[in-house]
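Here's the structure we're looking at; comments come further down.
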2 protein chains.
Amino acid sequence: MDIKKTYSISELAKEFDVTTRSVRFYEDQGLLHPTRRGQTRIFSSKDRVRLKLILRGKRMGFSLAETKELFDLWDETLSGNEKQLLLMLDTLARKRAQLEQQKNDIAQAEMEMDTAEARCREALAELQKKKRQQAKAKKEEPESIEQK
Amino acid sequence: MDIKKTYSISELAKEFDVTTRSVRFYEDQGLLHPTRRGQTRIFSSKDRVRLKLILRGKRMGFSLAETKELFDLWDETLSGNEKQLLLMLDTLARKRAQLEQQKNDIAQAEMEMDTAEARCREALAELQKKKRQQAKAKKEEPESIEQK
DNA sequence: AAAATACTTTACGTTTACGTAAACTTTATC
DNA sequence: GATAAAGTTTACGTAAACGTAAAGTATTTT
(Lines give C-alpha, C1' and ligand atoms only; values in the text may rest on other atoms or scores of the structure.)
Protein backbone atom coordinates (compact mmCIF):
# COMPACT_ATOMS: atom_id res chain seq x y z
CA MET A 1 0.00 0.00 0.00
CA ASP A 2 1.66 3.15 -1.22
CA ILE A 3 4.85 3.93 0.63
CA LYS A 4 3.55 2.87 4.03
CA LYS A 5 5.70 5.33 5.86
CA THR A 6 4.92 8.02 8.36
CA TYR A 7 5.94 11.63 8.22
CA SER A 8 6.72 14.42 10.62
CA ILE A 9 5.13 17.79 10.16
CA SER A 10 8.31 19.38 8.90
CA GLU A 11 8.97 16.57 6.45
CA LEU A 12 5.63 17.20 4.84
CA ALA A 13 6.01 20.95 5.02
CA LYS A 14 9.38 20.78 3.30
CA GLU A 15 8.28 18.31 0.64
CA PHE A 16 5.33 20.40 -0.44
CA ASP A 17 6.85 23.76 0.33
CA VAL A 18 4.27 24.93 2.82
CA THR A 19 4.70 26.13 6.39
CA THR A 20 4.04 23.91 9.36
CA ARG A 21 1.49 26.52 10.33
CA SER A 22 -0.50 25.68 7.23
CA VAL A 23 -0.33 21.97 7.91
CA ARG A 24 -1.61 22.47 11.44
CA PHE A 25 -4.30 24.72 10.08
CA TYR A 26 -5.42 22.05 7.65
CA GLU A 27 -5.67 19.62 10.53
CA ASP A 28 -7.63 22.16 12.52
CA GLN A 29 -10.09 22.46 9.69
CA GLY A 30 -10.50 18.71 9.60
CA LEU A 31 -8.67 18.08 6.35
CA LEU A 32 -5.84 16.05 7.85
CA HIS A 33 -6.01 13.51 10.66
CA PRO A 34 -2.56 12.77 12.01
CA THR A 35 -2.20 10.45 14.98
CA ARG A 36 -0.11 11.45 17.97
CA ARG A 37 2.92 10.10 19.71
CA GLY A 38 2.63 12.03 22.91
CA GLN A 39 1.98 15.52 21.64
CA THR A 40 3.70 15.18 18.32
CA ARG A 41 1.76 14.68 15.14
CA ILE A 42 2.45 11.65 13.02
CA PHE A 43 1.21 11.83 9.47
CA SER A 44 0.33 8.77 7.42
CA SER A 45 0.81 8.41 3.70
CA LYS A 46 -2.92 8.94 3.42
CA ASP A 47 -2.39 12.34 4.99
CA ARG A 48 0.39 12.95 2.53
CA VAL A 49 -1.90 12.22 -0.38
CA ARG A 50 -4.53 14.46 1.08
CA LEU A 51 -2.10 17.29 1.49
CA LYS A 52 -1.19 16.91 -2.15
CA LEU A 53 -4.87 17.06 -3.05
CA ILE A 54 -5.41 20.11 -0.86
CA LEU A 55 -2.67 21.99 -2.65
CA ARG A 56 -3.82 20.96 -6.06
CA GLY A 57 -7.30 22.06 -5.08
CA LYS A 58 -5.93 25.43 -4.13
CA ARG A 59 -4.18 25.81 -7.45
CA MET A 60 -7.50 25.02 -9.11
CA GLY A 61 -9.22 27.70 -7.07
CA PHE A 62 -10.95 25.46 -4.55
CA SER A 63 -11.41 26.65 -1.01
CA LEU A 64 -10.38 24.48 1.89
CA ALA A 65 -14.04 24.08 2.76
CA GLU A 66 -14.80 22.70 -0.68
CA THR A 67 -11.93 20.29 -0.52
CA LYS A 68 -12.99 19.16 2.91
CA GLU A 69 -16.49 18.51 1.65
CA LEU A 70 -15.05 16.27 -1.02
CA PHE A 71 -12.91 14.41 1.48
CA ASP A 72 -15.82 13.87 3.83
CA LEU A 73 -18.07 12.85 1.03
CA TRP A 74 -15.56 10.34 -0.22
CA ASP A 75 -15.12 8.89 3.25
CA GLU A 76 -18.84 8.40 3.58
CA THR A 77 -18.96 7.00 0.09
CA LEU A 78 -16.61 4.26 1.19
CA SER A 79 -19.22 3.18 3.70
CA GLY A 80 -21.05 1.74 0.69
CA ASN A 81 -24.41 3.22 1.54
CA GLU A 82 -26.48 3.58 -1.62
CA LYS A 83 -27.62 7.10 -0.90
CA GLN A 84 -24.04 8.23 -0.37
CA LEU A 85 -22.94 6.55 -3.56
CA LEU A 86 -25.56 8.38 -5.57
CA LEU A 87 -24.71 11.64 -3.87
CA MET A 88 -21.08 11.12 -4.78
CA LEU A 89 -21.90 10.46 -8.40
CA ASP A 90 -23.95 13.62 -8.49
CA THR A 91 -21.16 15.63 -6.91
CA LEU A 92 -18.66 14.23 -9.36
CA ALA A 93 -20.86 15.32 -12.23
CA ARG A 94 -21.05 18.83 -10.89
CA LYS A 95 -17.31 19.01 -10.39
CA ARG A 96 -16.80 17.84 -13.92
CA ALA A 97 -18.93 20.70 -15.12
CA GLN A 98 -16.76 23.05 -13.12
CA LEU A 99 -13.64 21.64 -14.71
CA GLU A 100 -15.17 22.06 -18.13
CA GLN A 101 -15.77 25.71 -17.36
CA GLN A 102 -12.19 26.07 -16.23
CA LYS A 103 -10.91 24.42 -19.36
CA ASN A 104 -12.93 26.86 -21.43
CA ASP A 105 -11.57 29.75 -19.44
CA ILE A 106 -8.04 28.54 -19.94
CA ALA A 107 -8.54 28.01 -23.66
CA GLN A 108 -9.95 31.51 -23.99
CA ALA A 109 -7.09 32.96 -21.99
CA GLU A 110 -4.58 31.15 -24.15
CA MET A 111 -6.12 32.51 -27.31
CA GLU A 112 -6.04 36.01 -25.99
CA MET A 113 -2.48 35.57 -24.91
CA ASP A 114 -1.66 34.42 -28.41
CA THR A 115 -2.99 37.59 -29.94
CA ALA A 116 -1.42 39.71 -27.23
CA GLU A 117 1.93 38.10 -27.90
CA ALA A 118 1.53 38.58 -31.63
CA ARG A 119 0.86 42.27 -31.14
CA CYS A 120 3.88 42.59 -28.92
CA ARG A 121 6.09 40.98 -31.51
CA GLU A 122 4.70 43.19 -34.24
CA ALA A 123 5.33 46.28 -32.20
CA LEU A 124 8.85 45.10 -31.48
CA ALA A 125 9.45 44.43 -35.15
CA GLU A 126 8.32 47.97 -35.89
CA LEU A 127 10.80 49.31 -33.40
CA GLN A 128 13.58 47.28 -34.92
CA LYS A 129 12.73 48.58 -38.34
CA LYS A 130 12.94 52.14 -37.15
CA LYS A 131 16.27 51.43 -35.56
CA ARG A 132 17.65 50.00 -38.77
CA GLN A 133 16.44 53.01 -40.69
CA GLN A 134 18.12 55.31 -38.23
CA ALA A 135 21.35 53.39 -38.58
CA LYS A 136 21.11 53.61 -42.33
CA ALA A 137 20.51 57.36 -42.20
CA LYS A 138 23.57 57.74 -40.06
CA LYS A 139 25.65 55.78 -42.52
CA GLU A 140 24.66 57.98 -45.44
CA GLU A 141 25.12 61.19 -43.52
CA PRO A 142 27.64 60.31 -40.85
CA GLU A 143 28.15 63.77 -39.43
CA SER A 144 25.08 65.00 -37.63
CA ILE A 145 24.45 68.67 -37.94
CA GLU A 146 23.68 70.45 -34.75
CA GLN A 147 21.24 73.26 -34.99
CA LYS A 148 20.33 75.64 -32.21
CA MET B 1 -15.56 49.21 -32.14
CA ASP B 2 -17.30 46.57 -30.14
CA ILE B 3 -20.79 47.62 -29.10
CA LYS B 4 -19.88 51.25 -28.46
CA LYS B 5 -22.44 51.58 -25.73
CA THR B 6 -22.24 52.68 -22.13
CA TYR B 7 -23.53 50.84 -19.11
CA SER B 8 -24.89 51.68 -15.71
CA ILE B 9 -23.55 49.91 -12.68
CA SER B 10 -26.65 47.81 -12.27
CA GLU B 11 -26.69 46.82 -15.92
CA LEU B 12 -23.23 45.40 -15.61
CA ALA B 13 -23.97 43.84 -12.24
CA LYS B 14 -27.02 42.10 -13.60
CA GLU B 15 -25.36 40.93 -16.79
CA PHE B 16 -22.47 39.30 -14.98
CA ASP B 17 -24.37 38.35 -11.87
CA VAL B 18 -22.28 40.25 -9.37
CA THR B 19 -23.30 42.85 -6.84
CA THR B 20 -22.90 46.55 -7.44
CA ARG B 21 -20.73 46.49 -4.35
CA SER B 22 -18.26 44.27 -6.16
CA VAL B 23 -18.20 46.51 -9.19
CA ARG B 24 -17.49 49.54 -7.03
CA PHE B 25 -14.83 47.59 -5.24
CA TYR B 26 -13.15 46.71 -8.51
CA GLU B 27 -13.11 50.38 -9.39
CA ASP B 28 -11.70 51.20 -5.99
CA GLN B 29 -8.89 48.75 -6.61
CA GLY B 30 -8.14 50.38 -9.92
CA LEU B 31 -9.42 47.61 -12.17
CA LEU B 32 -12.24 49.59 -13.72
CA HIS B 33 -12.25 53.26 -14.72
CA PRO B 34 -15.79 54.47 -15.29
CA THR B 35 -16.37 58.12 -16.14
CA ARG B 36 -18.94 60.14 -14.24
CA ARG B 37 -22.04 62.02 -15.11
CA GLY B 38 -22.42 64.07 -11.98
CA GLN B 39 -21.90 61.44 -9.34
CA THR B 40 -23.06 58.43 -11.28
CA ARG B 41 -20.68 56.02 -12.85
CA ILE B 42 -20.79 55.42 -16.57
CA PHE B 43 -19.04 52.30 -17.76
CA SER B 44 -17.64 51.92 -21.25
CA SER B 45 -17.54 48.72 -23.26
CA LYS B 46 -13.87 48.56 -22.37
CA ASP B 47 -14.91 48.40 -18.73
CA ARG B 48 -17.36 45.69 -19.64
CA VAL B 49 -14.64 43.62 -21.23
CA ARG B 50 -12.42 44.15 -18.23
CA LEU B 51 -15.14 43.04 -15.88
CA LYS B 52 -15.49 39.89 -17.91
CA LEU B 53 -11.76 39.35 -17.66
CA ILE B 54 -11.80 39.98 -13.93
CA LEU B 55 -14.43 37.31 -13.39
CA ARG B 56 -12.70 34.82 -15.61
CA GLY B 57 -9.51 35.50 -13.74
CA LYS B 58 -11.30 34.75 -10.52
CA ARG B 59 -12.60 31.45 -11.85
CA MET B 60 -9.04 30.62 -12.80
CA GLY B 61 -7.86 31.37 -9.30
CA PHE B 62 -6.31 34.78 -9.99
CA SER B 63 -6.46 37.46 -7.34
CA LEU B 64 -7.68 40.92 -8.16
CA ALA B 65 -4.16 42.19 -7.61
CA GLU B 66 -2.78 39.78 -10.21
CA THR B 67 -5.44 40.78 -12.68
CA LYS B 68 -4.76 44.43 -12.06
CA GLU B 69 -1.09 43.89 -12.69
CA LEU B 70 -1.92 42.39 -16.04
CA PHE B 71 -4.22 45.26 -16.92
CA ASP B 72 -1.65 47.85 -15.97
CA LEU B 73 1.07 46.00 -17.77
CA TRP B 74 -1.01 45.79 -20.90
CA ASP B 75 -1.82 49.48 -20.76
CA GLU B 76 1.84 50.32 -20.51
CA THR B 77 2.59 47.86 -23.25
CA LEU B 78 0.33 49.84 -25.56
CA SER B 79 2.64 52.78 -25.08
CA GLY B 80 4.97 50.91 -27.39
CA ASN B 81 8.06 51.30 -25.25
CA GLU B 82 10.50 48.48 -26.00
CA LYS B 83 11.23 47.69 -22.39
CA GLN B 84 7.53 47.34 -21.66
CA LEU B 85 7.04 45.12 -24.68
CA LEU B 86 9.75 42.77 -23.54
CA LEU B 87 8.40 42.76 -20.03
CA MET B 88 4.98 41.86 -21.36
CA LEU B 89 6.36 38.99 -23.41
CA ASP B 90 8.11 37.70 -20.33
CA THR B 91 4.98 37.95 -18.25
CA LEU B 92 2.97 36.17 -20.90
CA ALA B 93 5.46 33.33 -20.86
CA ARG B 94 5.15 32.99 -17.11
CA LYS B 95 1.37 33.04 -17.27
CA ARG B 96 1.48 30.34 -19.90
CA ALA B 97 3.50 28.18 -17.56
CA GLN B 98 0.87 28.74 -14.92
CA LEU B 99 -1.85 27.68 -17.30
CA GLU B 100 0.12 24.57 -18.16
CA GLN B 101 0.25 23.69 -14.49
CA GLN B 102 -3.46 24.22 -14.20
CA LYS B 103 -4.12 22.03 -17.19
CA ASN B 104 -2.06 19.29 -15.62
CA ASP B 105 -3.95 19.68 -12.38
CA ILE B 106 -7.24 19.45 -14.19
CA ALA B 107 -6.18 16.41 -16.16
CA GLN B 108 -5.06 14.69 -12.97
CA ALA B 109 -8.29 15.58 -11.24
CA GLU B 110 -10.29 14.24 -14.14
CA MET B 111 -8.43 10.94 -14.05
CA GLU B 112 -9.03 10.58 -10.37
CA MET B 113 -12.65 11.42 -10.83
CA ASP B 114 -12.86 8.71 -13.46
CA THR B 115 -11.61 6.05 -11.10
CA ALA B 116 -13.75 7.41 -8.28
CA GLU B 117 -16.80 7.23 -10.48
CA ALA B 118 -15.95 3.73 -11.60
CA ARG B 119 -15.69 2.58 -8.01
CA CYS B 120 -19.01 4.16 -7.20
CA ARG B 121 -20.67 2.37 -10.07
CA GLU B 122 -19.12 -0.92 -9.09
CA ALA B 123 -20.32 -0.53 -5.53
CA LEU B 124 -23.77 0.34 -6.78
CA ALA B 125 -23.82 -2.69 -9.04
CA GLU B 126 -22.92 -4.84 -6.04
CA LEU B 127 -25.83 -3.40 -4.14
CA GLN B 128 -28.20 -4.08 -7.02
CA LYS B 129 -27.02 -7.68 -7.21
CA LYS B 130 -27.74 -8.19 -3.56
CA LYS B 131 -31.16 -6.70 -3.99
CA ARG B 132 -31.94 -9.03 -6.83
CA GLN B 133 -30.82 -12.00 -4.81
CA GLN B 134 -33.04 -10.96 -1.96
CA ALA B 135 -35.98 -10.61 -4.32
CA LYS B 136 -35.30 -14.06 -5.69
CA ALA B 137 -35.11 -15.53 -2.22
CA LYS B 138 -38.47 -14.00 -1.42
CA LYS B 139 -40.00 -15.47 -4.53
CA GLU B 140 -38.90 -18.98 -3.68
CA GLU B 141 -40.05 -18.69 -0.11
CA PRO B 142 -42.83 -16.13 -0.29
CA GLU B 143 -44.00 -16.34 3.32
CA SER B 144 -41.38 -14.99 5.62
CA ILE B 145 -41.15 -16.84 8.88
CA GLU B 146 -40.96 -14.63 11.88
CA GLN B 147 -38.84 -15.90 14.69
CA LYS B 148 -38.66 -14.22 18.00
C1' DA C 1 -45.44 67.28 -3.91
C1' DA C 2 -44.87 62.67 -2.16
C1' DA C 3 -43.13 58.31 -2.87
C1' DA C 4 -40.53 55.06 -5.12
C1' DT C 5 -36.24 53.93 -7.55
C1' DA C 6 -31.50 54.12 -8.56
C1' DC C 7 -27.49 55.85 -7.41
C1' DT C 8 -23.82 57.64 -4.20
C1' DT C 9 -20.18 57.83 -0.11
C1' DT C 10 -18.56 56.41 4.38
C1' DA C 11 -17.48 53.05 7.29
C1' DC C 12 -17.58 49.17 10.16
C1' DG C 13 -18.23 43.85 9.92
C1' DT C 14 -17.05 39.13 8.11
C1' DT C 15 -14.81 35.07 6.18
C1' DT C 16 -10.74 32.64 4.55
C1' DA C 17 -6.19 31.28 5.05
C1' DC C 18 -2.86 31.73 7.06
C1' DG C 19 1.49 34.95 9.67
C1' DT C 20 3.64 35.88 13.80
C1' DA C 21 4.80 36.03 18.53
C1' DA C 22 4.88 34.07 23.24
C1' DA C 23 5.47 30.62 26.32
C1' DC C 24 6.05 25.68 27.01
C1' DT C 25 7.46 20.45 26.35
C1' DT C 26 10.24 16.82 24.29
C1' DT C 27 14.00 14.98 22.00
C1' DA C 28 18.65 15.16 20.20
C1' DT C 29 23.49 16.95 20.68
C1' DC C 30 27.58 18.68 22.75
C1' DG D 1 23.28 18.71 32.40
C1' DA D 2 23.07 22.70 29.49
C1' DT D 3 21.57 24.04 25.22
C1' DA D 4 19.97 23.83 20.84
C1' DA D 5 16.43 21.92 17.63
C1' DA D 6 11.90 20.55 16.64
C1' DG D 7 7.65 20.20 18.25
C1' DT D 8 3.39 22.00 20.76
C1' DT D 9 -0.77 25.27 22.21
C1' DT D 10 -2.84 29.76 22.62
C1' DA D 11 -3.95 33.76 20.74
C1' DC D 12 -3.81 38.04 18.52
C1' DG D 13 -2.84 40.17 13.72
C1' DT D 14 -3.55 40.62 8.68
C1' DA D 15 -4.76 40.84 3.64
C1' DA D 16 -8.30 39.92 0.30
C1' DA D 17 -12.88 40.40 -1.26
C1' DC D 18 -16.51 41.64 -0.50
C1' DG D 19 -21.37 42.15 2.89
C1' DT D 20 -24.14 45.20 5.16
C1' DA D 21 -26.04 49.06 7.13
C1' DA D 22 -26.61 54.22 7.37
C1' DA D 23 -27.48 58.38 5.47
C1' DG D 24 -27.63 61.29 1.70
C1' DT D 25 -28.63 62.86 -3.53
C1' DA D 26 -30.96 62.68 -8.03
C1' DT D 27 -34.44 61.28 -11.05
C1' DT D 28 -38.60 59.29 -12.35
C1' DT D 29 -43.31 57.92 -11.44
C1' DT D 30 -47.81 58.62 -9.40
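Just so it is clear: chains get the letters A, B, ... in the order the sequence lines come, proteins before strands, and each one is counted from 1.
- Residues from residues 32-41 of chain A with heavy atoms under 4.0 angstrom of DNA chain D, sorted by number: Arg36(A), Gln39(A), Thr40(A), Arg41(A).
- By the salt bridge (Lys or Arg N to Asp or Glu O under 4.0 Å) test, Arg94(A) pairs with Asp90(A), sequence neighbours left out.
- Distance OH (Tyr26(B)) to C1' (dA17(D)): 7 Å, rounded to an integer number of Å.
- If you measure from atom CD1 of Ile42(B) to atom P of dA6(C), you get 17 Å, rounded to the nearest angstrom.
- Qualifying salt bridge (Lys or Arg N to Asp or Glu O under 4.0 Å) partners for Asp28(B), counting only residues two or more places apart in sequence or in other chains: none.
- Within the 4.5 Å cutoff, no side-chain heavy atoms of Glu76(A) are placed close to those of Met88(A).
- Distance Lys68(B) NZ to dA17(D) C1': 16 Å, rounded to the nearest Å.
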### Message
Return a single string for nucleotides 11-16 of chain D, one symbol per nucleotide in 5' to 3' order, where B is base contact, S is sugar-phosphate-only contact and - is none, cutoff 4.0 angstrom on heavy atoms.
### Response
B-----
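- Residues forming a salt bridge (Lys or Arg N to Asp or Glu O under 4.0 Å) with Glu126(B) (at least two apart in sequence, or on another chain): none.
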### Check against side-chain contact (heavy atoms from CB on, under 4.5 Å), Arg132(B) and Lys129(B)
CA-CA 5 Å; Arg132(B) 278 197 304 276; Lys129(B) 208 169 100 183; 3.9 Å; yes
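- Distance CZ (Arg59(B)) to C1' (dA17(D)): 17 Å, rounded to an integer number of Å.
- Comparing dC7(C), dG19(D), dT8(D) against the side chain of Thr19(B) picks out dG19(D) as the nearest.
- In this structure, CG of Leu12(B) is placed 16 Å from P of dA6(C), rounded to the nearest angstrom.
- Distance Asp17(B) CG to dC18(D) C1': 15 Å, rounded to the nearest Å.
- dC18(D) atom C1' lies 10 Å from atom CD of Gln29(B), rounded to whole Å.
- Remark: Lys95(A) engages no residue in a salt bridge (Lys or Arg N to Asp or Glu O under 4.0 Å) (not counting sequence neighbours).
- Contact between the side-chain N/O atoms of Lys58(B) and the OP1/OP2 oxygens of dC18(D) is found at a separation under 4.0 Å.
- Contact check for Arg121(B) versus Leu89(A): side-chain heavy atoms found under the 4.5 Å cut-off.
- Considering only side-chain N and O atoms, Thr20(A) lies nowhere under 4.0 angstrom from the phosphate OP1 or OP2 of dG7(D).
- To the nearest angstrom, C1' of dC7(C) lies 14 Å from NZ of Lys14(B).
- With Phe43(A) as the aromatic partner, Arg48(A) does not meet the cation-pi criteria of under 6.0 angstrom to the ring centre and within 45 degrees of the ring axis.
- Inspection of the Gln108(B) and Arg56(A) side chains reveals an N or O donor paired with an N or O acceptor under 3.5 Å.
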